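Data first, discussion second: the structure below is written as structure tokens.
Along the sequence shown, residues are numbered consecutively beginning with 1. Because only heavy atoms are used, hydrogens play no part in the values below, and waters and symmetry mates are left out as well, while side chains stay in. Just so it is clear, the model here is predicted, and its values are computed rather than measured.
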Amino acid sequence: MSELVSMRNDDGVAVIIIDNPPVNALNQAVRAGLVDLVSRASQDAAVTAIVIAGAGRTFIAGADIGELGKPRVGRTTIEVIEAIEASPKPVVAALHGTPLGGGFEIALGCHFRIAAPGTRLGLSEVKLGIIPGAGGTQRLPRLVGMDKAMAMILSGDPIPAKEALDAGLIDAIVEGDVVTAGVAFARRAIAEKRPMVLARNRDEKLAAARADTAAFDAAAANYTKRARGQNAPAAAVEALRGTLTLPVADALKHEFVLFTELLAGDQSKAQRHIFFAEREAAKVPDIASAKPHDVKRAAVIGAGAMGGGIAMCFANAGIPVTVVETTADALARGLDAVTKNYRSTAARGGLAAADMEARLARITGSTDIAAAADADIVIEAVFEDLGVKQQLLGNLDRIVKSGAVIASNTSYIDIDTLARSTARPQAVVGMHFFSPANVMRLLEVVRGAETAPETLATAIAIGRKLGKVPAVVGVCHGFVGNRMLWLRSVEAERLLLEGALPQDVDGALTRFGFPMGPFGMADLAGLDVSWRMRKAQGLSAPIADQLCELGRFGQKTARGFYLYEPGSRTPKPDADVERLILATAAKRGLSRAAVGKDEIVERLLFPVINEGARVLAEGIARRPGDIDVIWVYGYGFPVYRGGPMHYADSLGLNYVRDRLTAFAQKTGDDRHRPASLLAKLADEGKGFASLA
């Protein structure tokens, strides 16, 4: 018996409890304990049924991720399920919390499944670059049908208990103590002589998919198209196809082969890196004992696209929020946009009408800044201008109650300078949301020189409550993400002058795995936004500046780096832009030549990596993984490549160093010269991971 797994006899029902805090991860000791106790209970004449449950906040929440990729030791999850399926006595999984991955596969191996009302169940392996490896792709379709199984496995998203019950995945939703309910269910199953049919032996829900393989192919293509470049979704489809075409024993073996191949691949390594990095990014050792303030009410200053999106984040999290604007018209426009966003989501089926109304009811508006007086946290989301923000924070300082957090949603501006606009710099912190704020998961939490530990802890905690991935960064121009992005923007324009066209540059990056390239993204965001920032900072972008002077601001004017037909967001190459690029290059005496896709990617990303090394050396980012999290969740860096710093390690820093040296010689730009930290690690044969 493992000390992490225990068993007691409840008047003939063996109750097996997994107690491996905090989430009952399915590690080696837990697996061994389950095999041992299930086998013993199955052979015990005093036992008539078996209930498996988890102590604490959840049933088994999945495999121990730290064991993945390491040599397998002891019992496997497959052996746990084999022990359950071999039992001549009914085995009931009593579920609560978040049974995911291997934990959910164990539940699928049981004869019956019951769940507490708030339970969420799923197979999340695709998010780690792998597929279920213990029968999930075979048992789930047999319980819920192929369409539902494909949606769950290819998205990796869990479903709530009610949906699981309706789909036939669980047998009952129970109130009260789930273990007690599990024992009662087991006794009823025996008394009613319920058939003990294993999921692997059920076939009735596969008939429709077997009869219409074209529908299977179409659905699969839809998912894999959205997951362009990722290996795991395609492998999941192959395993699911085996459900329809192979005997179950052969399909299970094939699934495991696919799982093993993915686990050893670079993509899964990258995605597991991001999994751990995400959890580390918000950890700040020197504030570990700081207690965050309780945030019961929020205020957002500014009802523009960003302010409205931030307000939606609070409303979605169940926190009442007041939106403050300077004029009634501006406030009305902002709140109307919020309402339209919610209605659009509801129309697509992403939000129930009652939930939409509840969220809208949590948002109130005002043109009086005094309406923010009672807020526990106030976030300014006004125009990116130092003077405007300084004046606003000074006003808030006189209005907002003692103990409230004053946060700035700035992309570039020095938080320390803003904090000095108040008499309580310890209460000021940067909270840089990414647009659209109600969708993008990244939150750069900017720690000022005088930001109090409790203030920082509050910003992190509220970020998590809003469903964001907080990453704590230091103060510099652009912080981490935008500081690094600027190098990419400079290089993208340089590539245009040297021989590439916008579609060449964007095409190379989307082929690499980004959802959009720099020029398509600039058109979407609005060229005038970055133009104003450049002018305020004394910077220039030779092509983008000229486009703005011509009134070409991107999608909003149907012309930017690309052309856009009425009502369309699809970019089309523009001969006028090409002529402008050629003329600008000629004026500068540059001889243009075609640039290959691989060189474009390196020219765009290696300066970003180089700047990341400088950010680390300066302490603006604490860990290489923090930078990777910022770029994956804020800038669309493909998760299956692990972020820029992990990607650099996968290439080898000696290669990155040598290519940067060559770029510096070619362009004459000192920013391309390898950063001292990067060069040092390369010389020592190490990677950025050695710094973690």
Just so I know, are the side chains of [X] and [Y] near enough to count as touching, which here means a heavy-atom distance under 4.5 Å?
X      : Y      : result
Pro674 : Leu653 : no
Leu678 : Ile609 : yes
Phe433 : Met431 : yes
Ile159 : Lys148 : yes
Pro518 : Val505 : yes

_salt bridge (charged side-chain N to carboxylate O under 4.0 Å, His left out) between Arg552 and Asp574, worked out_ = CA-CA 12 Å; Arg552 300 178 63 121; Asp574 188 346; 2.5 Å; yes
Can you name the closest pair of heavy atoms from [X] and [Y] and give their distance?
X      : Y      : answer
Pro470 : Gly463 : CG-C, 4.3 Å
Ala522 : Leu527 : CB-CD2, 3.4 Å
Val446 : Val429 : O-CG2, 3.2 Å
Lys389 : Val382 : NZ-O, 3.2 Å
Leu691 : Pro624 : CB-CG, 4.1 Å
Pro542 : Thr584 : CB-CG2, 4.5 Å

_Pairwise side chain to side chain donor-acceptor pair (under 3.5 Å) hits with a residue in residues 487-503, at least two apart_ = Glu491-Arg494, Glu491-Arg603, Glu491-His672, Arg494-Asp669, Glu498-Arg603
Do [X] side-chain atoms and [Y] backbone N/O form a donor-acceptor pair below 3.5 Å?
X      : Y      : value
Ser344 : Lys340 : no
Asn610 : Leu660 : no
Thr410 : Tyr412 : yes
Thr224 : Ala221 : yes
Asp649 : Phe688 : yes
Arg622 : Leu616 : no
Glu255 : Thr137 : yes
Ser268 : Gly265 : no
Tyr633 : Leu443 : no

*What residues, two or more places apart in sequence or in another chain, satisfy side-chain contact (heavy atoms from CB on, under 4.5 Å) together with Thr339?*
Arg343, Leu360
*Partners passing side-chain contact (heavy atoms from CB on, under 4.5 Å) against Ala471 (at least two apart in sequence or in another chain)*: Ala281, Leu442, Ile630
[X] side, atom [atom1]; [Y] side, atom [atom2] - distance, nearest 0.5 Å:
X      : Y      : atom1 : atom2 : value
Leu547 : Asp528 : CG    : CG    : 12.0 Å
Asp545 : Leu550 : CG    : CG    : 11.0 Å
Leu262 : Gln267 : CG    : CD    : 8.0 Å
Leu466 : Arg441 : CG    : CZ    : 12.5 Å
Tyr564 : Arg559 : OH    : CZ    : 12.0 Å
Asn409 : Ser435 : CG    : OG    : 9.5 Å

*Got a sec, which pairs hit salt bridge (Lys or Arg N to Asp or Glu O under 4.0 Å) with one end in residues 503-518, sequence neighbours left out?*
Arg511-Asp598
*Start with the C-alpha gap between Leu100 and Arg120, add the side-chain angles, then the distance that decides, and say whether side chain to side chain contact (heavy atoms under 4.5 Å, CB included) holds.*
CA-CA 8 Å; Leu100 302 172; Arg120 296 182 64 82; 5.9 Å; no
*Checking side chain to side chain contact (heavy atoms under 4.5 Å, CB included) for the pair Ile620/Arg483: CA distance, chi angles, key distance, verdict?*
CA-CA 11 Å; Ile620 302 301; Arg483 171 175 165 175; 4.1 Å; yes
The criterion is ring-ring contact (aromatic ring centres under 6.0 Å, His included); which residues satisfy it with [X], sequence neighbours excluded?
X      : value
Phe561 : Phe519
Phe637 : Phe512, Phe514
Phe434 : His432, Tyr635

Please identify each residue that fulfils salt bridge (Lys or Arg N to Asp or Glu O under 4.0 Å) with [X], with sequence neighbours left out.
X      : answer
Glu444 : none
Asp626 : Arg623
Asp576 : Arg579
Glu238 : none

We want to know whether [X] and [Y] form a side-chain donor-acceptor pair, criterion being a heavy-atom distance below 3.5 angstrom.
X      : Y      : value
Tyr640 : Asn231 : no
His477 : Asp414 : no
Glu565 : Thr570 : no

*If you draw the axis of the six-membered ring of Phe275, does the NZ or CZ of Arg279 fall within 45° of it and under 6.0 Å from the ring centre?*
yes
_side chain to side chain contact (heavy atoms under 4.5 Å, CB included) between Leu604 and Leu509, worked out_ = CA-CA 9 Å; Leu604 292 175; Leu509 267 202; 3.6 Å; yes
*Begin from the C-alpha positions of Leu485 and Trp631 and carry the test side chain to side chain contact (heavy atoms under 4.5 Å, CB included) through to its verdict.*
CA-CA 9 Å; Leu485 183 67; Trp631 270 77; 3.8 Å; yes
_In terms of relative ring orientation, are Phe606 and Tyr655 parallel, tilted or perpendicular, with 30° and 60° separating the classes?_
perpendicular
*Between Arg241 and Asp217, is there a side-chain N and carboxylate O pair less than 4.0 Å apart?*
yes
*May I ask you to decide whether Arg659 forms a salt bridge with Glu599, counting only side-chain N to carboxylate O separations under 4.0 Å?*
no
Result block: side-chain N/O donor-acceptor pairs under 3.5 angstrom for residues 311-319, not counting sequence neighbours:
residue, atom, partner, partner atom, Å
Asn316, OD1, Tyr342, OH, 2.6
Asn316, OD1, Arg359, NH1, 3.3
Asn316, ND2, Met312, O, 3.2

*asked:* For the NZ atom on Lys465, are there more than 12 heavy atoms of other groups (residues, nucleotides or ligands in this structure) within a distance under 6.0 Å?
replied: no
